[in-house]
Amino acid sequence: EPEVTQTPSHQVTQMGQEVILRCVPISNHLYFYWYRQILGQKVEFLVSFYNNEISEKSEIFDDQFSVERPDGSNFTLKIRSTKLEDSAMYFCASSVTSGEAFFGQGTRLTVV
Amino acid sequence: AQRVTQPEKLLSVFKGAPVELKCNYSYSGSPELFWYVQYSRQRLQLLLRHISRESIKGFTADLNKGETSFHLKKPFAQEEDSAMYYCALSVKTSYDKVIFGPGTSLSVIP
């Protein structure tokens, strides 16, 4: 069964450093998403991406964040200058149609 | 504003007892609602959605537009049901996004 895959599973980075989280969505999916989950809190929407552009983003997704689909298969989330509060589990998801999103296993980002 | 609430952060039930996980939503459009489940150390996965009206692993959920609720129910809880459950709302703007509730951690006591 096709799956969304994310790499790495755990990333430790120093505050102020740039980090890129990678995702390979399911191949025939058209909508791509990033969510994050701070430890002990709920899953929060960050951004949705369709037709090679951002379709919607939340207030969390500020200028420090960017997304890219560089080669038609990968979908990346870049955090330009990480802060301690960026430490969270980041989930990538993809969908064919509305709503039924398939999630990756997540990348745990720890900013020290 | 679009919002999903799940009033119970933690819910403990005994094996074999009925389970109800509450979910309420706020959305001015026509809602499309889902339940996602996250077992320990596993990814979020779709459990069921209201439009399919199916029963998965013994769970059912009925959309009540009058009460703006989408409660998840199971008549007899099993130990393997212990997990984090998220109610989610699909919002149709120009495109789609899914808004999650805060989640309820279900613990089934043997």
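Side-chain atoms are counted along with the backbone in the values below, which use heavy atoms only and exclude waters and symmetry mates. Every chain is numbered from 1, with letters handed out A, B, ... down the list of sequences.
Contact detail for A:Val43 and B:Phe100: the closest heavy-atom pair is O-CB, 3.7 Å. Of all heavy-atom pairs spanning A:Gln41 and B:Tyr86, the tightest one is O-OH, 4.4 Å.
Enclosure of atom NZ in A:Lys83 by more than 12 non-hydrogen atoms of other residues, nucleotides or ligands within 6.0 angstrom is indicated. The local environment of CZ in B:Phe76 is sparse, with at most 12 non-hydrogen atoms from other residues, nucleotides or ligands closer than 6.0 Å. The local environment of CG in A:Leu39 is sparse, with at most 12 non-hydrogen atoms from other residues, nucleotides or ligands closer than 6.0 Å. In this structure, B:Arg3 places its CZ atom where only 12 or fewer heavy-atom neighbours from other residues, nucleotides or ligands lie under 6.0 Å away. The 12-atom threshold is not exceeded at CG of A:Asp63, counting heavy atoms of other residues, nucleotides or ligands nearer than 6.0 Å. Within a 6.0 Å sphere centred on CD of B:Glu67, heavy atoms belonging to other residues, nucleotides or ligands number 12 at most.
A chain of hydrophobic side-chain contacts below 4.5 Å, direct or via other Ile, Leu, Val, Met, Phe, Trp or Tyr residues, connects B:Tyr39 to B:Val19. A:Phe75 and A:Ile54 fall within a single hydrophobic cluster, where Ile, Leu, Val, Met, Phe, Trp and Tyr are joined by side-chain heavy atoms under 4.5 Å apart, directly or via other members. Under the 4.5 Å side-chain heavy-atom criterion for Ile, Leu, Val, Met, Phe, Trp and Tyr, A:Leu109 and A:Val24 are members of distinct hydrophobic clusters. Using a 4.5 Å cut-off between side-chain heavy atoms of Ile, Leu, Val, Met, Phe, Trp and Tyr, with links allowed through other members, B:Tyr85 and A:Phe102 fall into different hydrophobic clusters. A:Phe65 and A:Val111 fall within a single hydrophobic cluster, where Ile, Leu, Val, Met, Phe, Trp and Tyr side chains are chained together by heavy-atom contacts under 4.5 Å.
Residues A:Gln37 and B:Met84 fail the side-chain proximity criterion, which asks for heavy atoms closer than 4.5 Å.
Heavy-atom distances place the side chain of A:Tyr35, and not its backbone, under 4.5 Å from chain B. Contact annotation for B:Gln38: only side-chain heavy atoms (C-beta onward) come within less than 4.5 Å of a heavy atom of chain A.
To the nearest 0.5 Å, atom CG of residue B:Leu44 and atom CD of residue A:Gln105 are 12.0 Å apart. To the nearest 0.5 Å, atoms CZ (A:Phe103) and CG (B:Leu46) are separated by 9.5 Å.
Proximity to chain A among residues 101-110 of chain B is limited to B:Gly101, B:Pro102, judged by heavy-atom separations below 4.5 angstrom. Taking 4.5 Å as the heavy-atom cut-off, the residues of residues 2-17 of chain A that approach chain B are A:Glu3, A:Val4, ordered by number.
Residue pairs satisfying the salt bridge (Lys or Arg N to Asp or Glu O under 4.0 Å) criterion with at least one member in residues 103-112 of chain A, sequence neighbours excluded, are absent.
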**Report entry** Step-by-step ring-ring contact (aromatic ring centres under 6.0 Å, His included) determination, B:Tyr36 to A:Phe91
**Finding:** CA-CA 14 Å; B:Tyr36 281 84; A:Phe91 293 102; over 10 Å; no
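Every side-chain hydrogen bond (donor to acceptor under 3.5 Å, both in side chains) that B:Lys22 has, sequence neighbours left out, goes to B:Glu20.
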